[in-house]
**Q** 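Got a structure for you, questions after.
Quick note: numbers below take in every heavy atom, side chains included, and nothing from hydrogens, waters or symmetry partners. The first residue in the sequence is number 1, and the count goes up from there.
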Amino acid sequence: MSRTISSTVHPIQRCMAASNPSAWWDGFVIAADGATVTVVLLNGATTELRVVGPAVDIAMGEPVSYHPVAELLSAAAITTTARAA
């Protein structure tokens, strides 16, 4: 699958994510309201994220990955900037 990287993702974010691949947290979307997404992680924790990139059509139940250090959210076919709300 081809993955698109949003224009909001800075090169340093890509470097941080690439150098720390084990820092990605997997989860599922439990709520999506405009630019805010709530994700329940596989460890049971819940986090609310503010998606900074372009509007991404993220649906409830969709699997996502979040890199808290690089502040990246990978959903569907896009990787974009997402910060803890």
Side-chain angles (χ1 to χ4, degrees):
M1 172 185 349
S2 175
R3 191 158 286 294
T4 302
I5 298 177
S6 168
S7 62
T8 64
V9 176
H10 296 282
I12 192 71
Q13 288 176 288
R14 283 185 261 165
C15 289
M16 290 172 64
S19 65
N20 297 296
S22 63
W24 285 97
W25 296 348
D26 295 328
F28 294 94
V29 175
I30 58 172
D33 180 23
T36 303
V37 176
T38 304
V39 176
V40 63
L41 303 171
L42 295 183
N43 66 4
T46 302
T47 187
E48 189 173 325
L49 303 171
R50 187 171 34 107
V51 178
V52 179
V56 178
D57 189 20
I58 300 175
M60 285 183 49
E62 185 172 349
V64 295
S65 291
Y66 174 58
H67 199 293
V69 177
E71 295 185 327
L72 293 175
L73 180 69
S74 180
I78 192 165
T79 299
T80 190
T81 301
R83 297 191 172 107

**Q** Just how far is it from atom NE2 of His67 to atom OG1 of Thr81, taken to the nearest 0.5 Å?
**A**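 Answer for the NE2-OG1 pair, His67 versus Thr81, is 12.5 Å.
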**Q** Which heavy-atom pair separates Ala23 from Pro68 by the least distance, and what is that distance?
**A**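 Looking at all heavy atoms of both residues, the shortest contact is O-CD, 3.5 Å.
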**Q** Decide whether Leu41 and Ile58 are clustered together by the hydrophobic rule: side chain heavy atoms of Ile, Leu, Val, Met, Phe, Trp, Tyr closer than 4.5 Å, transitively.
**A**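 Yes, same cluster.
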**Q** Could I get the full list of salt bridge (charged side-chain N to carboxylate O under 4.0 Å, His left out) partners for Glu71, not counting sequence neighbours?
**A**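 Partners of Glu71 by the salt bridge (charged side-chain N to carboxylate O under 4.0 Å, His left out) criterion, ordered by chain and then number, come out as Arg83.
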**Q** Kindly compute the distance separating CH2 (Trp24) from CG (Leu73), expressed to the nearest 0.5 Å.
**A**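 These two atoms lie 7.5 Å from each other.
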**Q** Quick one: which of Leu72, Ile78, Val52 gives a side chain to side chain contact (heavy atoms under 4.5 Å, CB included) with Val9?
**A**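 Between Val9 and the candidates, side chain to side chain contact (heavy atoms under 4.5 Å, CB included) is satisfied uniquely by Leu72.
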**Q** Heavy atoms only: give me the nearest Ala75-Glu62 pair and the separation to one decimal.
**A**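 Heavy atoms only, the tightest pair is C-OE2, 3.9 Å.
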**Q** Linking I/L/V/M/F/W/Y whenever any side-chain heavy atoms sit under 4.5 Å apart, do Leu42 and Trp25 land together?
**A**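 No; Trp25 is not reachable from Leu42 via cluster members.
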**Q** So, for Ala59 and Val29, which heavy atoms are closest and what is the spacing to 0.1 Å?
**A**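 The answer is O-CB, 3.5 Å.
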**Q** Other residues, nucleotides and ligands only: do more than 12 of their heavy atoms fall within 6.0 Å of CG on Asn43?
**A**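 It does: Asn43 CG has more than 12 such atoms within range.
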**Q** Apply the test side chain to side chain contact (heavy atoms under 4.5 Å, CB included) to residues Tyr66 and Leu49: give CA-CA distance (whole Å), side-chain angles for both, the deciding distance (0.1 Å), then the verdict.
**A** CA-CA 9 Å; Tyr66 174 58; Leu49 303 171; 3.4 Å; yes
**Q** If you measure from OG1 on Thr38 to CE on Met60, what distance do you get to the nearest 0.5 Å?
**A**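 Interatomic distance, Thr38 OG1 to Met60 CE, rounded to 0.5 Å: 9.5 Å.
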